[in-house]
Amino acid sequence: MLQSKKQDRARVLISCADQPGIVSAVSNFLYNYNANIVQSDQYSTDPEGGMFFMRIEFDLEDFDHNFPLIQERFSEVGDRFDMSWRIESERKIKRMAIFVSKEDHCLLELLWKWRSGELQVDIPAIISNHPDLQATVESYGVPFYHIPVNKGNKHDAEEDAIELLKNLDIDFIVLARYMQILSPQFVSHFTHKIINIHHSFLPAFIGANPYKKAFNRGVKLIGATAHYVTDDLDEGPIIEQEVLRVNHRYSIADLKIGGRNVEKIALARAVEWHNDDKVLVHGNKTIVFS
Ligand SMILES: Nc1nc2c(c(=O)[nH]1)N[C@@H](CN(C=O)c1ccc(C(=O)N[C@@H](CCC(=O)O)C(=O)O)cc1)CN2
């Protein structure tokens, strides 16, 4: 949904043990700073000793004065309920880096949404282990960085990428059909800030060549899964999935072609939700306040 960013709007995201009084305490805290709550979503895993998750969007008068105060003082509520919490302003335009290899459909979906203003991020860098997409990327006015990866240089290549990402102050990373497995050392720099699109309906067909595996299995559905990257290949917290009905007449090539649409739909949704701070992670699962 295309919503222009509102300069006086912010959101607070909360995770804590479920207990009475949380909603009242949070809403009263915000009320005391004249915040007007415009959206509130919450989820309790199990009222008997489960977890509580909440996302509140609010508008603030005198934003420049009150927002820093709220950020500084919300710990009064957070500490009382032993919350994990964060407060984000809609003024903040997140800086997103994209990693690609040779497939361009997911990349182009993100670039189109970005250029149309639908995806409100900055894209300071697109990084690839191949040169194939340089002209495409630069036609959108986005800097392209070719960082080749092979068996012998993987550590150095990742170090170069990490240095670039840190220097560019990147907030999150999207792997748009990037076909290199990131090391635990790389992932540790960006916990729950790397979104991958895996071209299968996970947990089916983890790893390489999922469409070939799907064809050999004779599936009647294929799919795509957008997930946060962890050390466990294609097993990170799932953010979004999309499926497509197929049949015995589909070749592997047909599955790949049909799969492109579900891949780019799932990835774009996941990126939008992450960008809008609508995704909370608990264990190896997500809560998406879409
Ligand atoms: N740490 C992680 N890195 C990456 C993940 C992930 O979940 N965790 N997802 C992949 C993307 N991907 C599937 O979506 C994928 C890409 C590549 C391979 C693979 O086996 N590739 C090579 C080996 C490459 C290498 O050793 O780096 C191969 O074909 O043998 C599997 C899945 C992106 N990175």
Side-chain angles (χ1 to χ4, degrees), residues 13-16 43 45 51 53 55 84-86 88 94-101 103 106-107 110 121 125-129 147 149 151 154-166 170-210 213 223-243 259 262-290:
L13 292 100
I14 294 163
S15 305
C16 64
Y43 166 63
T45 57
M51 286 294 292
F53 305 93
R55 179 184 187 276
S84 296
W85 59 272
R86 61 189 172 98
E88 304 286 352
K94 290 184 177 65
R95 296 168 64 80
M96 176 181 80
I98 304 174
F99 282 60
V100 294
S101 289
E103 300 269 1
C106 289
L107 169 69
L110 295 175
V121 294
I126 292 176
I127 297 169
S128 181
N129 57 325
I147 303 181
V149 179
K151 294 294 183 196
K154 189 150 191 165
H155 175 76
D156 291 346
E158 286 195 352
E159 285 298 310
D160 291 346
I162 291 167
E163 183 180 9
L164 176 63
L165 294 165
K166 298 294 186 185
I170 295 299
D171 292 302
F172 71 104
I173 298 165
V174 177
L175 306 184
R177 292 300 305 277
Y178 183 67
M179 301 313 286
Q180 289 296 324
I181 299 170
L182 300 174
S183 69
Q185 192 259 347
F186 185 109
V187 175
S188 68
H189 286 271
F190 304 97
T191 302
H192 299 149
K193 293 182 184 291
I194 308 173
I195 299 171
N196 178 58
I197 184 68
H198 180 68
H199 36 315
S200 83
F201 187 47
L202 290 175
F205 313 133
I206 283 173
N209 304 312
K213 295 170 184 171
T225 304
H227 64 91
Y228 286 118
V229 165
T230 62
D231 296 346
D232 302 317
L233 185 65
D234 300 329
E235 298 199 16
I238 292 172
I239 307 167
E240 175 61 325
Q241 296 184 290
E242 186 64 41
V243 295
V262 293
E263 291 170 37
K264 64 189 188 181
I265 288 167
L267 181 60
R269 276 193 205 129
V271 169
E272 179 189 332
W273 291 339
H274 179 91
N275 189 43
D276 291 345
D277 301 302
K278 291 183 173 180
V279 186
L280 283 170
V281 178
H282 180 57
N284 202 41
K285 292 184 181 178
T286 64
I287 297 93
V288 179
F289 290 119
S290 58

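For reference, positions follow the sequence shown, starting with 1.
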A quick test of your reading: do over 12 heavy atoms of other residues, nucleotides or ligands sit less than 6.0 Å from NZ of Lys193? no
Can you tell me if Asp171 uses its side chain to pair, donor with acceptor, with the backbone of Met96 under 3.5 Å? no
When you look at Leu233 and His198, which way does the side-chain contact (heavy atoms from CB on, under 4.5 Å) test go after all the steps? CA-CA 10 Å; Leu233 185 65; His198 180 68; over 6 Å; no
Please step through side-chain contact (heavy atoms from CB on, under 4.5 Å) for the pair Leu165 and Phe99, ending with a clear verdict. CA-CA 11 Å; Leu165 294 165; Phe99 282 60; 4.0 Å; yes
Heavy-atom closest pair, residues Val100 and Asn129: O-OD1, 3.3 Å
Contact between His274 and Ile239 at the side-chain level, heavy atoms closer than 4.5 Å - yes or no? no
Side chains of His155 and Ser183: closer than 4.5 Å at any heavy-atom pair? no
All heavy atoms of Asn275 vs all of Lys94, minimum pair found to be O-NZ, 2.9 Å
Does Val229 form a side-chain contact (heavy atoms from CB on, under 4.5 Å) with Tyr178? I'd like the steps, not just the answer. CA-CA 12 Å; Val229 165; Tyr178 183 67; over 6 Å; no
Once rounded to the nearest 0.5 Å, what's the spacing between atom OG1 of Thr225 and atom CD of Glu242? 10.5 Å
Could you measure the distance from the CD1 atom of Ile194 to the CD1 atom of Ile170? Nearest 0.5 Å is fine. 12.0 Å
Short question: side chain of Lys278, backbone of Glu272 - any donor-acceptor pair under 3.5 Å? no
Check this for me: does any side-chain nitrogen of one of Arg55 and Asp276 sit under 4.0 Å from a carboxylate oxygen of the other? no
Can you list every pair that meets salt bridge (charged side-chain N to carboxylate O under 4.0 Å, His left out) and has a residue in residues 157-166, with sequence neighbours left out? none
Do Ile287 and His282 have side chains that approach each other closer than 4.5 Å (heavy atoms only, starting at C-beta)? yes
Please find out if less than 6.0 Å separates the ring center of Phe205 from that of Phe201. no
Closest approach of Gly207 to Lys213 (non-hydrogen atoms, all atoms of both residues): C-NZ, 4.0 Å
Considering non-hydrogen atoms only, spot the tightest contact between Ser128 and Ser101 and give its length. OG-O, 3.3 Å
Please name the pair of heavy atoms, one in Ala226 and one in Ala266, separated by the smallest distance, quoted to 0.1 Å. CB-O, 3.8 Å
Aromatic rings Phe53 and Tyr43: how do their planes relate, parallel, tilted or perpendicular, breaks at 30° and 60°? parallel
Is the backbone N or O of Leu280 less than 3.5 Å from a side-chain atom of Thr286, with the two atoms forming a donor-acceptor pair by type? no
Note, Asp232 side chain near Asn284 side chain (heavy atom, < 4.5 Å): no
Of all heavy-atom pairs between Ile98 and Leu110, which one has the smallest distance, and what is that distance? CD1-CD1, 4.1 Å
